[in-house]
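Bear in mind that the values here come from a model prediction, so they are computed numbers and not experimental data. Counting starts at 1 for both ligands and their atoms, following the listed order. FYI, side chains are in, hydrogens and waters are out, and symmetry mates aren't considered; it's all heavy atoms of this structure.
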Amino acid sequence: METRVDEIAERIYRLSTFLPSVGPRGLTFNQFLVDAGEPLLFHCGQRALFPAVSRAAARIIDLRRLRWIAFSHIEADECGALAEWLEVAPDATVTHGRIGCAIWLNDQAPRPPRALADGEVIDLGDRRVRRLDTPHVPHCWDAGLLYEEATATLFTSDLFTHAGDPPALTDGDLVGPATAAEQQFHFTAVTPATGATIRQLAALQPRTLAVMHGSSFAGDAPAVLGSLADFYDDLLRQGAGPGRA
Ligand SMILES: [Fe+2]
Ligand SMILES: [Fe+2]
């Protein structure tokens, strides 16, 4: 198993591991490292991926410098290896939204988490990341995303998930592959709030989308987010919610 490293925005690194056995075409599992005065990791990966992912991260920074560990929601690919990361990074603090801390981390995390309010900023020294509560988008009550202000990078978690092992960064079509994957996997909890939540993300005017499964995107990100919101609104209008055929 090999984890590739690509810089997708200034000092924002994508750590990508392709698992060919997931789904018919395989799937990438991507974590993101923000190399700042206080480095931040977004997503831990599954425990089985930890040796490869941590080796890749150690090519960018001394892991003992890692100061923050964050993730979108409680699932194995988002936070399975949390304990392993905290072990190799003794000064790191796990941070999550208030709901996620209340329903999981306050009880399960090896060290006390820092709970963030919606819109709260973590100051990384020379960079700032903002927590955005997005309950049930893409899925899970505790779901939230991060936005890095200097590079206008939105960490989208499972939004825009697409299959295969595409390039680290694209300016091409993201919505087509993402809607195909949604219709195959049905991973998004589609509610009346889904489209509106995604449009709020577009209003941030991001320039880069850091996608957890598939290519990241650089280009007209607000337009791409708008198209994804339209797709989910259409799904809802069709009455095709969770469990849809
Ligand atoms: Fe997920
Ligand atoms: Fe995921």
Listed as residue and atom, the protein N/O/S atoms under 2.8 Å from the Fe ion (ligand 1) are His73 NE2, Glu75 OE1, His139 NE2, Asp158 OD2
So does Arg65 pair up with Asp62, basic N to acidic O under 4.0 Å? no
Examine all N, O or S atoms of His213, backbone included, and report whether one is under 2.8 Å from the Fe ion (ligand 2). yes
Test ring pair (Phe, Tyr, Trp, His ring centres under 6.0 Å) on His73 and His139; report intermediate values, then the result. CA-CA 8 Å; His73 51 274; His139 43 240; 4.5 Å; yes
Kindly write out the residues that satisfy side chain to side chain donor-acceptor pair (under 3.5 Å) with Glu120, not counting sequence neighbours, or none if the list is empty. Arg114
Got a sec, which residues hit side-chain contact (heavy atoms from CB on, under 4.5 Å) with Gln46, two or more places apart in sequence or on another chain? Phe29, Leu49, Ala76, Asp77
Here the gap from Leu86 atom CG to Thr93 atom OG1, rounded to the nearest 0.5 Å, amounts to 8.0 Å
Sequence neighbours left out, what passes side chain to side chain donor-acceptor pair (under 3.5 Å) with His96? Give chain and number order. Arg131, Asp142
